Amino acid sequence: MEKTATPTFKHIGSKLLNWYQKNARDLPFRQTKDPYKIWICEIVFQQTRINQGLNHYNNFIKRFPDVKTLAEAEENEVLLYWKGLGYYSRAINIHRAAQQIMNDYHGTFPHEYEEILKLKGVGKYTAAAVSSICFDGKIPAVDGNFYRVLSRIFADDFDISNSRAFNYFSELAHLILPDNVGDFNQAMMDLGSEICKPKNPLCGECPLHEDCLAFSLNKISEFPVKTKKVKAEDLSLKYYFVHRNGKFLIQQRKDDFIWKKLFEFPPVISDELISFIKSVKTVNHKLTHKNLSIEIFNVEVDSEDIWKDFIAENNFIVTDVEGSHERSFPKPLENYIQNYDTAYRIL
DNA sequence: AACCCGGGGAA
DNA sequence: TTCCCAGGGTT
């Protein structure tokens with residue numbers, strides 16, 4: 001029998017680590033192995049570019065420097081610090097997970113991958129990242145960067161929109177996994193972000209271009225393969241900006257559908273209020289999966305009795321521009337309040 | 001396994 | 001416009 005040499009790819013992981021030593025991005029959470037800070041940064045930067053979330057991360061750590069502080073905070077304040085970041089269930093889950101750590105782990109962040117995985121809002125990627133960076137866990141933190149880098153290195157056309165992609169590319173990652181998995185995981189993120197970019201990758205500067213099959217085949221643009229297309233559907237919303245003497249009415253959304261637990265204007269009004277409608281403004285707002293058309297009616301209430309009745313019947317919260325800064329609003333409503341503030345100051 | 005959930009920047 | 005980003009939860 002003729003023996004065929006089993007191909008080994010460990011040198012790729014070594015090259016990547018060498019590159020990372022000299023080219024690691026200087027980020028605030030790179031100076032620490034505090035699992036709390038690493039956990040927070042992993043959640044903040046889920047589906048979020050570094051530049052977009054950096055201020056949120058810094059402000060969040062400054063206000064909630066440790067698990068106990070976060071666990072004891074009000075959920076609405078956590079949501080306030082998440083304002084504008086999107087995917088608001090992350091804020092709700094991050095708060096609950098902090099309480100989980102206090103109650104189930106006596107305030108000490110769990111060290112084991114399987115335990116970290118039990119935290120609300122922590123999936124396989126985040127558990128692997130925290131485990132490897134903070135506790136020398138040997139698990140690749142497979143994310144969009146891994147899909148892209150590995151599919152190009154091996155010229156692998158496995159569909160990354162397939163639900164088995166995570167397990168598939170986890171196995172590929174193990175082929176090149178070095179001993180220092182924490183640095184390896186972060187190196188993959190930096191390589192994917194700065195060199196092996198989705199469009200116009202800088203292959204000439206890539207430390208792995210000699211090992212990259214897609215590059216050698218001149219087929220970089222064909223990887224990764226992603227078949228599933230995201231289609232945004234149209235959705236119309238109506239809000240009534242019910243105000244009187246600089247005060248206006250809001251309520252808190254449920255924790256389902258969009259904008260979980262954020263605040264909003266009344267979506268309906270009583271018949272008595274209809275005569276107080278002064279104008280309407282239509283705002284178009286694009287979400288990833290929805291094209292929103294929001295009609296916001298300006299309702300200036302001239303009757304103290306009707307104002308009070310409407311509040312009492314619906315348990316609305318009375319606030320003003322100043323008070324609204326303590327609540328988290330969806331972007332388009334935040335903008336509307338800002339415009340109202342400007343107009344109101346002029347009057 | 002399929003679908004849902006934000007917002008912003010790059011091309 | 002389109003794509004996609006340090007993904008996870010729900011059904």
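Below, chains carry the letters A, B, ... as their sequence lines are ordered, and counting in each starts from 1. Here the structure is a predicted model, which is why all the values come from computation and not from measurement.
Atom CG of A:L85 and atom P of B:dC5 are 18 Å apart (whole Å). We find that NZ of A:K231 is positioned 7 Å from P of B:dC4, with the value rounded to whole Å. In this structure, CD of A:E194 is placed 15 Å from P of C:dC5, rounded to the nearest angstrom. When rounded to the nearest whole Å, the span between NZ of A:K197 and P of B:dA10 equals 10 Å. Rounded to whole angstrom, the span from the CG atom of A:N291 across to the P atom of B:dG6 amounts to 14 Å. For A:D256 and C:dG9, the CG to P distance is 17 Å, given to the nearest whole Å. Rounded to whole Å, the distance from CG on A:L54 to C1' on B:dG7 is 16 Å. In this structure, the NZ atom of A:K254 is 17 Å from the P atom of C:dT10, given to the nearest Å.
Among the protein residues, A:K120 comes within range of the sugar-phosphate backbone only, with heavy atoms under 4.0 Å from sugar or phosphate atoms but none that close to a base. At the heavy-atom level, A:V122 lies under 4.0 Å from the strands shown only through sugar-phosphate atoms. Using a 4.0 Å heavy-atom distance criterion, A:G84 is classed as a sugar-phosphate-only contact. As judged by a 4.0 angstrom heavy-atom cut-off over every strand, A:N145 is placed among residues touching the sugar-phosphate backbone only. The residue A:I40 sits apart from the nucleic acid: no heavy atom pair falls under 4.0 Å. As judged by a 4.0 angstrom heavy-atom cut-off over every strand, A:H56 is placed among residues making no nucleic acid contact. Counting any heavy atom pair closer than 4.0 Å across all strands shown, A:R30 reaches a base atom.
A donor and an acceptor atom sit less than 3.5 Å apart, one in the side chain of A:T288 and one in the base of B:dG6. Residue side chain A:Q52 reaches the base of B:dG7 through a donor-acceptor N/O pair under 3.5 Å, judged by distance alone. In the interface, the side chain of A:S89 is not paired with the base of C:dG9 through any donor and acceptor atom under 3.5 Å apart. Side-chain atoms of A:R90 stay outside donor-acceptor range of the base of B:dC5, with no qualifying N/O pair under 3.5 Å.
A distance of about 15 Å separates the C1' atoms of B:dC5 and C:dC4, rounded to the whole Å. A distance of about 22 Å separates the P atoms of B:dG8 and C:dG8, rounded to the whole Å. C:dA6 and B:dC3 have their P atoms separated by 25 Å, given to the nearest Å.
Side-chain N or O atoms of A:H56 include none that pairs as donor or acceptor with a backbone N or O of A:G53 at under 3.5 Å. Not one N or O on the side chain of A:T32 forms a donor-acceptor pair closer than 3.5 Å with the backbone of A:F29.
With distances taken from any side-chain atom of A:R148 to the nucleotides B:dG6, C:dC5, C:dA6, the minimum falls on C:dC5. The side chain of A:R164 approaches B:dA1 more closely than any other nucleotide in the set B:dG6, B:dA1, C:dT2. Considering only the side chain of A:W259, B:dG6 comes nearest among C:dT2, C:dA6, B:dG6. Nearest nucleotide to the A:K228 side chain, out of B:dC5, B:dG6, B:dC3: B:dC3. Comparing B:dG8, B:dG6, B:dA11 against the side chain of A:Y87 picks out B:dG6 as the nearest. Residue A:I258 places its side chain closer to B:dC5 than to any other of B:dC5, B:dA11, C:dC5.
For A:Q46, a side-chain nitrogen or oxygen approaches OP1 or OP2 of C:dG8 to under 4.0 Å. Put simply, A:K124 has no side-chain N or O that comes within less than 4.0 Å of OP1 or OP2 on C:dG7. Between A:W82 and the phosphate of B:dG6, there is no side-chain N or O to OP1/OP2 separation shorter than 4.0 Å. Regarding contacts with the backbone of B:dG6, every side-chain N or O of A:T48 stays at 4.0 angstrom or more from both OP1 and OP2. Phosphate proximity of B:dG7 to A:Y88: present, with a side-chain N or O under 4.0 Å from OP1 or OP2. Put simply, A:K331 has a side-chain N or O that comes within less than 4.0 Å of OP1 or OP2 on B:dG8.
In this structure, A:W39 and A:Y36 have perpendicular ring planes: the angle between them is above 60°, well past the 30° mark. Ring-plane geometry between A:F329 and A:F265 is classed as tilted, the angle between the planes lying from 30 to 60 degrees on a 0 to 90 degree scale.
Taking CZ of A:F316 as the reference point, atom OH of A:Y240 lies at 11.5 Å (rounded to 0.5 Å).
Along DNA chain B, the nucleotide closest to A:N200 and the one closest to A:L262 are compared, and the more 5′ of them pairs with A:L262. Both A:Q47 and A:S163 sit near DNA chain B, but only A:S163 has its closest nucleotide nearer the 5' end. Between A:F166 and A:K229, the residue anchored closer to the 5' end of DNA chain C is A:K229, taking for each the nucleotide with the nearest heavy atom.
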- After noting the C-alpha distance and the side-chain angles of A:Y81 and A:F64, does the key distance pass the ring pair (Phe, Tyr, Trp, His ring centres under 6.0 Å) rule? CA-CA 10 Å; A:Y81 277 77; A:F64 312 109; 5.3 Å; yes
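Ring-to-base geometry places A:H289 in a stacked arrangement with B:dC5 (centre distance under 5.5 Å, plane angle under 30°).
Side-chain rings of A:F154 and A:F9 approach one another, their centers coming within less than 6.0 Å.
Put simply, the side chain of A:Y168 does not reach to within 4.5 Å of the side chain of A:N162, judged on heavy atoms.
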